[in-house]
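Each remark here refers to the structure printed beneath this line.
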Amino acid sequence: MTLGVGNYTLSQLNANGIPNDWMSSLKVPSGWTVEVYENDNFGGTKWTYTSDSSWVGNTVNDKMSSVKIYTGSPSPGVTKPAEVPTHIWTYVMNADNAYGKGGDFALLLSAVIKKESSFGAGLPGSPSAGDGLMQVEPNTRNAYLSQFSSKFGRTYNHSSEQDQVYLGALILNEKITRFGNIYNGFLHYNGGDNWYPGATDSYGRPILADQYANAVYATYKGYGGKN
């Protein structure tokens, strides 16, 4: 089986014809790095290869459940902001890895989750119809379900906090790409694709996406964001 550069969860490995706990050997092109993970979603023990191995040994044999493949060395990591809960950081780093962002995307996702749900603490009793940690509205969620399935190789599970972050990451990444930069991505993640200064909702209330973007961008930069 051949895999290109990218990050592969268990479902993505399966989609490429690779069963769970199956690898016994591998070939690594010159200048590439392969990180083999014991658990799905890049968890558990990690083993790193920069050259071919005809036998990975008893410790690693039939243990691979996810893998990251780079050209060159992995991007340097980032430090978890002190206020970000450990489980949230795991979710956002998994999303960052899925897009190969090297850690900066994890920082901006953390900033969005802080604003949207106070890292989940603000969800109980919330009147919002938004979905979980990143408060994706139902209509928006439904519009992105097919893209989610294409990206992650499975159906979206709204009860999974990891999937909530994966979906929000997919949407935010699309907004950043479409509107040119992170700040504009925040504007349209909150205000919608057609937001403009002075826009109002169906009740005539102002949509304050600029205030939202200012707050989230400031948090992101405070975390050490580089863009």
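Values in this document were obtained by computation on a predicted structure and should not be read as measured data. Atoms considered below: every heavy atom in the structure, side chains included; atoms not considered: hydrogens, waters and symmetry mates.
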Rounded at 0.5 Å granularity, tell me how far [atom1] in [X] sits from [atom2] in [Y].
X	Y	atom1	atom2	result
K101	I176	NZ	CD1	6.5 Å
E161	L133	CD	CG	4.5 Å
N157	Q164	CG	CD	8.5 Å
D21	S65	CG	OG	4.5 Å
Y37	N39	OH	CG	11.5 Å
K175	Y189	NZ	OH	10.0 Å

Do [X] side-chain atoms and [Y] backbone N/O form a donor-acceptor pair below 3.5 Å?
X	Y	answer
N16	Q12	yes
S160	D163	yes
E116	V136	no
D96	V92	no

- Task: Answer whether the closest heavy-atom distance between the side chains of T140 and I171 falls below 4.5 Å.
- Result: yes
With [X], which residues qualify under side chain to side chain donor-acceptor pair (under 3.5 Å), at least two apart?
X	value
Y49	none
N41	Y166
K63	none

Spell out, yes or no, whether [X] and [Y] are grouped together once hydrophobic residues are joined by side-chain heavy atoms under 4.5 Å, including indirect joins.
X	Y	value
M93	L170	yes
Y91	Y156	yes
M1	M23	yes
W47	I69	yes
V34	L10	no

What closest approach, in Å, do [X] and [Y] show between heavy atoms, and which atom pair accounts for it?
X	Y	value
L187	W195	CD2-CZ3, 3.9 Å
S117	G132	CB-O, 4.3 Å
G17	P19	O-CD, 3.5 Å
S66	G43	OG-N, 4.4 Å
F148	L167	CE1-N, 3.9 Å

- Should we say atom CG of D201 is surrounded by more than 12 heavy atoms from elsewhere, each under 6.0 Å from it? yes
- Item | NE2/H87: more than 12 non-hydrogen atoms of other groups inside 6.0 Å | yes
- Query: Can you say whether the rings of F152 and Y99 are parallel (under 30°), tilted (30 to 60°) or perpendicular (over 60°)?
  - Reply: perpendicular
- Parallel under 30°, tilted from 30 to 60°, perpendicular over 60°: which one fits the rings of Y183 and Y217? perpendicular
- Qualifying salt bridge (Lys or Arg N to Asp or Glu O under 4.0 Å) pairs with a residue from residues 40-51, counting only residues at least two apart or across chains: E35-K46
Compile the donor-acceptor pairs under 3.5 Å between side chains in residues 102-114 and protein atoms, sequence neighbours left out, one pair per line.
{"residue": "D104", "atom": "OD1", "partner": "Y220", "partner atom": "OH", "Å": "3.1"}
{"residue": "D104", "atom": "OD1", "partner": "K226", "partner atom": "N", "Å": "2.9"}
{"residue": "D104", "atom": "OD2", "partner": "Y220", "partner atom": "OH", "Å": "2.5"}
{"residue": "D104", "atom": "OD2", "partner": "N227", "partner atom": "ND2", "Å": "3.1"}
{"residue": "S110", "atom": "OG", "partner": "A106", "partner atom": "O", "Å": "2.8"}
{"residue": "K114", "atom": "NZ", "partner": "E83", "partner atom": "OE1", "Å": "3.4"}
{"residue": "K114", "atom": "NZ", "partner": "E83", "partner atom": "OE2", "Å": "3.0"}

Result block: side-chain N/O donor-acceptor pairs under 3.5 angstrom for residues 52-62, not counting sequence neighbours:
{"residue": "D52", "atom": "OD1", "partner": "V28", "partner atom": "N", "Å": "2.7"}
{"residue": "S53", "atom": "OG", "partner": "W55", "partner atom": "O", "Å": "3.1"}
{"residue": "N61", "atom": "OD1", "partner": "S24", "partner atom": "OG", "Å": "2.4"}

- Worked check of side-chain contact (heavy atoms from CB on, under 4.5 Å) between L208 and D210: CA-CA 5 Å; L208 303 177; D210 49 348; 4.3 Å; yes
- Start with the C-alpha distance between I18 and V67, add both sets of side-chain angles, then the distance that settles side-chain contact (heavy atoms from CB on, under 4.5 Å), and finish with yes or no. CA-CA 11 Å; I18 300 176; V67 64; over 6 Å; no
- Verify the distance criterion only: is there a donor paired with an acceptor across the side chains of E174 and Y144 at less than 3.5 Å? yes
- Using a distance-only test with no angle check, is there a side-chain donor-acceptor pair under 3.5 angstrom linking N190 and K115? no
- Message: Could you go through T2 and K27, starting from their C-alpha distance and side-chain angles, then the distance that decides it, and tell me whether this counts as side-chain contact (heavy atoms from CB on, under 4.5 Å)?
- Response: CA-CA 9 Å; T2 301; K27 290 185 175 182; over 6 Å; no
- Query: Passes side-chain contact (heavy atoms from CB on, under 4.5 Å), M64 versus W22? Steps please.
  - Reply: CA-CA 7 Å; M64 183 177 76; W22 188 68; over 6 Å; no
